[in-house]
Amino acid sequence: MARFHRLTVSAVDRLTDDSVALTFAVPPELRAEYRHAPGQHLALRRVADGVETRRTYSICSPAPAPGSDGPTHLRVGVRLVEGGAFSPYALKEIAVGDELEVMTPAGRFVLEPAPGQYAAIVGGSGITPVLSIVSTLLAREPAARFCLIRSDRTTASTMFLEEVADLKDRYPERLQLVTVLSREEQQAGLPTGRLDQERLTGLLPTLLPVQEVAGWYLCGPYGLVQGAERALRGLGVPRARIHQEIFHVDAGTRPAPAATAPAHSTVAVRLDGRSGSWPVRDGETLLETVLRNRPDAPYACKGGVCGTCRAFLVSGEVRMDRNFALEPEETEAGYVLACQSHPVTERVELDFDR
Ligand code: FES
């Protein structure tokens, strides 16, 4: 069950003009709770003028070693979103010594270290979870190799430039690094311009044996991730080997209620071992219904992106507005995003504990 604790900021490192890395110290008594897999994220919570804001940020530091107490520190990357509700505050106001409310780690965009060839295609701040994935994998698994293809606008706007260069120095044989800059000339031979489906379809087979890659990790803006997935599917990569995480999806407008929506419906919920049942108000999502009655319900983005509100649909039917977080296997297994779900049947039963 996800929980918030107050953690102290132990370092603020400027990465680029518009991004920082925040490091939190984890006290010994909380280390087990903050144990994370490489690729997971943390939700940060801020209450200002009575309004609560939550945002998720990927952990870039390596995952703690198995058998250890858990991480002593957690580092996340934050890029400025103009007009955003959290990142301007993170970039301009957060200082060493501040205490922030930090949720325990969540997310299923993970790679548990194992031998084999892996690859990632990332854009912009999409490097953040992949940095944790690559550093953990190469340190723990001597028989693993990684091909990292990253796309940025310019060198100056590239997050974690030094950290990635250090990894390349430490593992020159096992880390293949390809950098594509869309707005800057590079040395001859290196690709420039945008990484879209067509370019990736041509580029990937020249870089590595596409069919031998055990796991592809796609992370970044929606367009890049979509194009990369289409390119990989076109090259015959099975869907189960492709993992994706999307950043910054516009809020969009909520679709009108479906004609099939029942006039009255009830949601029954199991959450942290306790059960409750409440009427769903017109047009609201199941998460909104649950939060009115159980403020401890898990969520972060409310936009169908982070997957924190995942729940198992025990009975009844729901309609999801959108889903950028759950893999097809998860929806087939019966999981839904509560923040995107509306009841289609008069009674719906959700289990947040499964
Ligand atoms: S809260 Fe992020 S997907 Fe629902």
Side-chain angles (χ1 to χ4, degrees), residues 1-4 36-37 39-47 51-59 76-79 81 84-87 101-110 125-126 128-129 218-222 225-226 243-255 267 269-272 280-281 283-314 318-344 348-354:
M1 184 68 196
R3 286 186 207 293
F4 280 96
H36 63 93
Q40 285 195 302
H41 51 66
L42 300 172
L44 307 184
R45 175 163 70 182
R46 179 190 188 211
V47 180
V51 178
E52 179 179 321
T53 308
R54 298 183 183 192
R55 288 291 180 273
T56 53
Y57 295 103
S58 293
I59 302 169
V76 297
V78 181
R79 173 157 262 166
V81 176
F86 195 96
S87 59
E101 288 194 77
V102 181
M103 196 192 269
T104 46
R108 285 165 301 284
F109 182 72
V110 299
S125 55
T128 317
L218 317 179
C219 189
Y222 183 57
V225 170
Q226 246 200 348
H243 310 273
Q244 32 186 300
E245 184 154 277
I246 289 161
F247 284 179
H248 308 314
V249 180
D250 291 336
T253 48
R254 187 182 283 184
V267 59
V269 164
R270 184 174 168 79
L271 171 62
D272 210 8
V280 182
R281 288 183 189 161
E284 74 182 357
T285 64
L286 294 182
L287 178 70
E288 287 165 339
T289 311
V290 178
L291 280 173
R292 277 194 289 107
N293 301 280
R294 287 286 302 270
D296 57 329
Y299 76 89
C301 72
K302 286 190 179 172
V305 177
C306 71
T308 311
C309 64
R310 185 180 93 143
F312 183 75
L313 182 64
V314 180
V318 303
R319 165 182 63 79
M320 277 201 278
D321 290 335
R322 58 187 198 166
N323 166 30
F324 298 110
L326 299 179
E327 302 282 345
E329 308 83 72
E330 295 177 280
T331 49
E332 277 156 30
Y335 288 96
V336 297
L337 296 173
C339 77
Q340 299 298 308
S341 292
H342 303 271
V344 171
V348 169
E349 208 180 334
L350 291 184
D351 187 346
F352 284 91
D353 294 347
R354 271 218 228 173

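Note that ligands are numbered from 1 as they come in the structure, with each ligand's atoms numbered from 1 the same way.
Residues satisfying the salt bridge (charged side-chain N to carboxylate O under 4.0 Å, His left out) criterion with R55, sequence neighbours excluded, are absent altogether. Listed by chain and number, the residues in a ring-ring contact (aromatic ring centres under 6.0 Å, His included) with F109 are Y217 (sequence neighbours excluded). Residues meeting the salt bridge (charged side-chain N to carboxylate O under 4.0 Å, His left out) test with R46, sequence neighbours left out: none.
For atom 2 (Fe) of ligand 1, the set of protein N/O/S atoms nearer than 2.8 Å consists of C301 SG, C306 SG, ordered by chain and number.
Remark: E327 does not engage R108 in a salt bridge, criterion side-chain N to carboxylate O under 4.0 Å. Under the 4.0 Å criterion applied to side-chain N and carboxylate O atoms, R319 and D321 are assigned as salt-bridge partners.
Ring pair Y57/F86 is tilted by interplanar angle, where 30° to 60° counts as tilted.
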